[in-house]
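First the structure, in the form of structure tokens, and then the observations on it.
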Amino acid sequence: MKRDCLCLEQFAQTIYKKCECCGRVRDNFFRLNVKDARTKSMIVGSFDLCKECGQNFGDILKVPISTERTVDDFSFE
Ligand SMILES: [Zn+2]
């Protein structure tokens with residue numbers, strides 16, 4: 001499997017929309033960028049993914065996924 005042609009990136013802020021994997025409308029946490037298999041440079045498309053699907057793809061692609069917020073994102077109100 002050409003794993004390096006699939007690049008999972010995490011959004012800085014979640015986007016509320018339809019997940020392009022499971023089709024449910026919910027917060028999308030991840031984007032799976034699909035690169036051209038021959039050149040491995042050009043991005044040919046992408047899928048926006050909800051938390052569960054992003055983590056599932058993380059498991060499939062064996063890349064570590066974290067949806068934990070960094071300390072900078074915490075606010076004390
Ligand atoms: Zn999903």
Side-chain angles (χ1 to χ4, degrees):
M1 183 177 177
K2 293 182 172 179
R3 208 183 299 163
D4 50 353
C5 292
L6 297 173
C7 174
L8 201 59
E9 72 173 284
Q10 186 177 350
F11 295 130
Q13 289 189 312
T14 59
I15 302 169
Y16 190 74
K17 57 172 287 192
K18 188 174 176 179
C19 169
E20 289 169 20
C21 179
C22 67
R24 283 179 287 188
V25 178
R26 58 205 312 195
D27 282 335
N28 282 213
F29 283 71
F30 302 100
R31 172 166 289 162
L32 183 70
N33 290 314
V34 182
K35 293 181 186 174
D36 182 81
R38 291 193 182 90
T39 63
K40 292 182 184 173
S41 56
M42 195 172 59
I43 292 176
V44 293
S46 63
F47 301 94
D48 290 348
L49 302 169
C50 71
K51 189 176 174 181
E52 281 78 13
C53 294
Q55 287 173 333
N56 187 39
F57 270 104
D59 288 344
I60 292 168
L61 300 170
K62 296 191 168 40
V63 291
I65 292 297
S66 173
T67 54
E68 300 299 317
R69 292 283 174 208
T70 58
V71 179
D72 302 44
D73 290 333
F74 279 107
S75 62
F76 299 95
E77 294 176 86

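Both ligands and their constituent atoms are indexed starting at 1 by order of listing. Values in this document were obtained by computation on a predicted structure and should not be read as measured data.
The salt bridge (charged side-chain N to carboxylate O under 4.0 Å, His left out) check on Lys17 picks up Glu20, Asp48, with sequence neighbours excluded. Residues meeting the side-chain hydrogen bond (donor to acceptor under 3.5 Å, both in side chains) test with Asp36, sequence neighbours left out: Thr39.
Of the inter-residue distances, the one linking Leu32 atom CG with Phe47 atom CZ reads 6.5 Å to the nearest 0.5 angstrom.
Side-chain contact between Val34 and Ile43: absent, with no pair of heavy atoms (C-beta onward) separated by less than 4.5 Å.
Using a 4.0 Å cut-off between a side-chain N of Lys or Arg and a carboxylate O of Asp or Glu, Glu52 and Arg24 do not qualify as a salt bridge.
Taking Ile, Leu, Val, Met, Phe, Trp and Tyr as members and joining any whose side-chain heavy atoms lie under 4.5 Å apart, directly or through other members, the hydrophobic cluster of Val25 also contains Tyr16.
Listed by chain and number, the protein N, O or S atoms at a distance under 2.8 Å from the Zn ion (ligand 1) are Cys19 SG, Cys22 SG, Cys50 SG, Cys53 SG.
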